[in-house]
Protein chains: 2
Amino acid sequence: MSVPIHPDVPASSCSGTLEPLKVACASCNLRELCLPVGLNAADLQRLDGLVEKRRSVPRGDHLFRNGDRFEALYAVRTGFFKTCVGSEDGRDQVTGFQMAGELLGLDGISSDQHHCDAVALEDSSVCVIQYRDLEELSREFTVLQHQFHKIMSREIVRDHGVMLLLGNMRAEERLAAFLLNLTQRLQARGFSSSSLVLRMTREEIGSYLGLKLETVSRTFSKFQEDGVLDVKQRQITVLDPQALQRLVSNAAG
Amino acid sequence: MSVPIHPDVPASSCSGTLEPLKVACASCNLRELCLPVGLNAADLQRLDGLVEKRRSVPRGDHLFRNGDRFEALYAVRTGFFKTCVGSEDGRDQVTGFQMAGELLGLDGISSDQHHCDAVALEDSSVCVIQYRDLEELSREFTVLQHQFHKIMSREIVRDHGVMLLLGNMRAEERLAAFLLNLTQRLQARGFSSSSLVLRMTREEIGSYLGLKLETVSRTFSKFQEDGVLDVKQRQITVLDPQALQRLVSNAAG
DNA sequence: CGTGCGTTTGATTCTTCTCAACGTCCGTGG
DNA sequence: CCACGGACGTTGAGAAGAATCAAACGCACG
């Protein structure tokens, strides 16, 4: 998404679809952001049994689709995804953007099939975690059980935040909140908090924020006029983060 | 919410705040809607140890507040709740309405404190489930573990549906979707699917749907003019459920 | 019987959507 | 190497939807 400060994240090492290669969680530099948060070295070794393989997903490909049988969760290792749910008439709503260390597929547990599409927005790779295995291991492994529950709960809290955004905020406030959220997550991954390259189109941003693509474009232009952002297509530089923060804090005020 | 067809649900039997009384899940007629879904009689006995007490919550009272330490989940036994998250400036967003058999408090797991307010919209009672106990029991009790994961996942899927509603639908479509969802849930609990009494104000409906209360009121009036609903204050009769269904299916079309 | 909250309805304003045209970037093939 | 095409992005003008402001009504409760 920007200039990596943690250069040891493999940028793109795979080209096939399935890799039986084991990748040790203990040596993965995403361990502080991913499922293993809070696990010590001994715990991490036990966790490694969970991740049986990696899968690489080229840009534009689906990791899974609405209706697919649910079997596994996916931890993003490299790359960037969107998830979207479709309405009966064909239009859809982007429900989230996922980056390294974030978990995909939690929606599938509810009825053994996925309820959204997950699409790679750039060439990506994920760790495949068989859900049965996770259930089994978390039964005898308290820390993992709790961590998994936390991740699901965090997703619920995040969704509630999006509802607040969609229900109460105006276009400028929504885009400001979106950009602040992105930069914070990038920063947690060692990237610059002021410079980012958007991996999604204006339409995808609009779908996520409940806006039309023209409104997203106009709002970017306004932020540029106001000196809050520098916008060169998808290359965004945040010039005045506090202005964005003010917009979010004063939302619906 | 309407005429009960399952009259053995205790209507309102408690007045104190805490009741050490045990209520057997096995004999609770909500067991098909609540945490015990899919458990057999033997399983149910083991589950009973979980629910240590009931708590009654008078109309208007908080079950928990944003920031409260998280310790327990709550299964609605009787009554009706809303949950809402607050923005930094004081305005808030209703994130859901919960009725008998539904679980409250899942948001708290993520960081050991609640991230929303839960308020009773009528005199209510809940079963208190200590989260530590649930964690422990679900470790040795596969069916419960899976059922709990399903409930969390279902909440995530529900939230995504609300995002779709807030992001893509117009006022009429939102209210139609809201009413259909309510009547379906009431029907599952043995109430009439065409007649209901709203427990929440126009403002609370509006907050949930991302609309102002005047817009909610106007939309109710329009549905009445169109012969889709009969609206007498909070007493709603659905005259043409298919018209509501059409609005939802054609959403954003 | 009055008071107050919740609701309805109307007039107006504001934001965002819609429709349309044009511009830019980038990969492809001549 | 350049021309072309297509996807993506920007900008403008007008329309539609919902918000806002304001007033009056009804019902429940004390």
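Quick note on labels: first sequence line is chain A, next is B, and so on, each numbered from 1. Just so it is clear, the model here is predicted, and its values are computed rather than measured.
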(request) Identify the two heavy atoms, one from Cys127(B) and one from Arg77(B), that lie closest to each other, and give their separation to 0.1 Å. (result) SG-CD, 4.0 Å
(request) Calculate the interatomic distance between Arg199(A) atom CZ and dA7(D) atom C1'; express it in whole Å. (result) 17 Å
(request) Find the distance Arg234(B):CZ to dT8(C):C1' and express it as a whole number of Å. (result) 14 Å
(request) Would you please test Gln98(B) and Thr83(B) for side-chain hydrogen bond (donor to acceptor under 3.5 Å, both in side chains) and show each step? (result) CA-CA 8 Å; Gln98(B) 293 80 22; Thr83(B) 47; 3.2 Å; yes
(message) For a side-chain hydrogen bond (donor to acceptor under 3.5 Å, both in side chains) check, start with the C-alpha distance between Thr183(A) and Gln187(A), then their side-chain angles and the critical distance, and finish with the verdict.
(response) CA-CA 6 Å; Thr183(A) 53; Gln187(A) 195 166 23; over 6 Å; no
(request) Could you check Phe97(A) against Phe81(A) for ring-ring contact (aromatic ring centres under 6.0 Å, His included), going step by step and ending with a plain yes or no? (result) CA-CA 6 Å; Phe97(A) 297 106; Phe81(A) 288 84; over 10 Å; no
(message) At a heavy-atom distance below 4.0 Å, what parts of residues 207-223 of chain B sit against DNA chain C?
(response) Leu213(B), Glu214(B), Ser217(B), Arg218(B), Ser221(B)
(message) Can you tell me how the ring of His114(B) sits relative to the ring of Phe70(B), calling it parallel under 30°, perpendicular over 60° and tilted otherwise?
(response) perpendicular
(message) Tell me the interatomic distance from Ile205(B), atom CD1, to dA18(D), atom P, rounded to whole angstroms.
(response) 16 Å
(request) Please state how far atom CD1 in Ile236(A) lies from atom P in dG9(D), giving the value in whole angstrom units. (result) 10 Å
(message) Using whole Å, what does the distance between atom P of nucleotide dG23(C) and atom CD of Gln233(A) come to?
(response) 15 Å
(message) Strictly below 4.0 Å: does Arg202(A) bring a side-chain N or O up to OP1 or OP2 of dT10(D)?
(response) yes
(request) Report yes if some heavy atom in the side chain of Asn168(A) is under 4.5 Å from a heavy atom in the side chain of Met163(A); otherwise report no. (result) no
(request) Check the distance between dT16(C)'s C1' and Met169(B)'s CE and give it to me in whole angstrom. (result) 19 Å
(request) Output yes when at least one side-chain N/O atom of Arg174(B) is less than 4.0 Å from OP1 or OP2 of dA18(D), else no. (result) no
(message) Rounding to an integer number of Å, can you tell me how far Lys232(A) NZ sits from dC26(C) C1'?
(response) 18 Å
(message) I need the CG-P distance between Leu175(A) and dT16(C), as an integer number of Å.
(response) 11 Å
